[in-house]
Amino acid sequence: MLQVNHRGTGKTVLVAGGAGFVGSHLCDALLGRGDAVICVDSYITGSRDNVRPLVNHPGFRLIEQDICEFLKIDEPVDQIYNLACAASPPQYQADPVHTMMTCVAGTGNLLALADRQGASFLQASTSEVYGDPAEHPQREDYRGNVSCTGPRACYDEGKRAAEALCFDMLRVDRVDARVARIFNTYGPRMQANDGRIVSNLIVQALSGKPLTIYGSGTQTRSFCYVSDLVGGLIALMDVRPNPGMPVNLGNPGEFTINELAEMVRSMMPVQTAVAYRPLPKDDPQRRRPDISRAMELLNWQPTVPLAEGLRYTIDWFAANLDDRPRRRTGAPRHRRRMAASHTAFLEN
Ligand code: NAD
Ligand code: UDP
């Protein structure tokens, strides 16, 4: 049984994907306010290093498990956050079937647990449900422009299916489910080699390598610092009544990739060159959240400007880059571990 720490709220919260970049910051924040936390993670893209400082905390328990497998949790759980899913394009495309199964079977398993336990549920969805958006900025009622056959589909369509599962469980009154549509988030504990833009640029700049820009660099993204996002996730989980609709969480500041690269370059003591590379297939051209809904329902908006968040992130990478083992992208270990019931069709 978990012990709740001395300032305990009495709540027990399960964080699936809690050893990942965002998940580990969420675990910190929940423990910090006195919740007991059960972190479930397979380490497919996350790392024990991210939660190492928490393992001796009396309110923290770590379970190594793939959420595609049946989850048996005996103690009562009040809230379940589902952040378990590879999030960087190279990583979620490395084993696309597993990504899709994580989104569908994994989210289904966690929703079933929430149903059995009477727990509230928050799904970490994504701005990728808007695909390469024809509307700008993206409001939650925009239905998106997603390829269901391209290389990003395992993630985009997987997350869309997971949203549908959440709203079905809500409609049939079985789970108090909430859905956050998260836009690009960055900060300390991103993996050095996960292939995402912020980590790539910083690691390249710190290693004196050329900054890689895919395509012309005129595509845009909106970058949210991780502490802002975690505040939004907790606010969405705790708000009463359940909004009953998805909520965008992101920073509405919009930057081209060229502008971001220039910012990172200008923050380094030595300025490296830029190397242009081909644009990956189906790469969205622009992305910016309309956060009116989050402001109205949650009284939430980001507070950390990009330059400040980048400074914290650069400092963290500078201090940690050499110590942390570089993980290979890909999932062969976990492909073996996937629940037989979810992969049987591949073996026929
Ligand atoms: P991350 O890869 O650092 O974290 C994901 C965590 O989930 C990892 O610890 C990984 O090991 C674990 N995981 C993956 N599949 C699993 C499975 N089948 N079973 C158990 N554990 C599994 O990614 P992140 O950036 O921290 O993203 C967290 C969540 O937020 C993801 O669901 C992602 O889709 C969503 N999201 C993130 C961003 C972003 O910019 N960071 C943007 C949109 C959505
Ligand atoms: N990108 C880039 N150089 C890199 C990594 C990514 O130019 O080294 C581009 C990528 O093509 C995309 C943007 O940066 O247009 C954001 O990529 P990321 O993988 O971080 O997130 P996503 O595409 O999922 O928004």
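Hydrogens, waters and symmetry mates play no part in the numbers below; they use all other heavy atoms, side chains included. Each ligand, and each atom within it, is numbered from 1 in the order the structure gives.
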When you measure from the heavy atoms of [X] to every atom of ligand 1, does any distance fall below 4.0 Å?
X: A86; value: yes
X: M190; value: no
X: Y155; value: yes

Option from L249, I291, I234 for which side-chain contact (heavy atoms from CB on, under 4.5 Å) with L298 holds =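 For L298, the side-chain contact (heavy atoms from CB on, under 4.5 Å) check succeeds only for L249.
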
Of the protein's non-hydrogen atoms, which lies at the shortest distance from [atom], and what is that distance?
atom: atom 29 (C) of ligand 1; answer: L83 O, 3.3 Å
atom: atom 15 (O) of ligand 2; answer: D283 OD1, 2.6 Å
atom: atom 13 (C) of ligand 2; answer: I257 CD1, 3.7 Å

With backbone taken as N, CA, C and O and side chain as the heavy atoms from C-beta onward, which portion of [X] lies under 4.0 Å from ligand 1: side chain, backbone, both, or neither?
X: S125; result: backbone
X: E128; result: neither
X: M101; result: neither
X: H98; result: side chain
X: F21; result: both

Any N/O pair [X]/ligand 1 closer than 3.5 Å:
X: N82; result: no
X: A84; result: no
X: I182; result: no
X: D41; result: yes
X: C68; result: no
X: T126; result: no

Is it the case that [X] and [Y] place a side-chain donor and acceptor less than 3.5 Å from each other?
X: D176; Y: N242; result: yes
X: R189; Y: S24; result: yes
X: Q123; Y: N82; result: yes

Options [options], ranked by nearest heavy atom to [atom], top entry:
atom: atom 19 (N) of ligand 1; options: T185, L110, L249, I67; answer: I67
atom: atom 2 (C) of ligand 2; options: D156, I197, N258, T218; answer: I197
atom: atom 6 (C) of ligand 2; options: Y276, Y186, Y214, Y155; answer: Y214
atom: atom 24 (P) of ligand 1; options: R221, R196, Q123; answer: R196

Based purely on interatomic distance, does R196 place a nitrogen or oxygen under 3.5 Å from a nitrogen or oxygen of ligand 2?
->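 The answer is no, given that R196 and ligand 2 share no N or O pair closer than 3.5 Å.
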
At under 4.0 Å between heavy atoms, which part of [X] makes contact with ligand 2: side chain, backbone, both or neither?
X: Q219; result: side chain
X: R152; result: side chain
X: N184; result: side chain
X: R221; result: side chain

Kindly determine whether R33 and D238 satisfy salt bridge (charged side-chain N to carboxylate O under 4.0 Å, His left out), including the steps that lead there.
-> CA-CA 13 Å; R33 76 172 187 183; D238 289 348; 2.7 Å; yes

Indicate yes or no: does E254 engage R286 in a salt bridge with an N to O separation below 4.0 Å.
->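 Looking at E254 and R286, the cut-off is not met.
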
Examine distances only and state if a side-chain atom of Q65 and a backbone atom of F70 form a donor-acceptor pair shorter than 3.5 Å.
->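 Between the backbone of F70 and the side chain of Q65 there is a qualifying donor-acceptor contact (under 3.5 Å).
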
Give a yes or no on whether the backbone of D228 and the side-chain of Q301 come within a donor-acceptor separation of less than 3.5 Å.
->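 Answer holds: no.
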
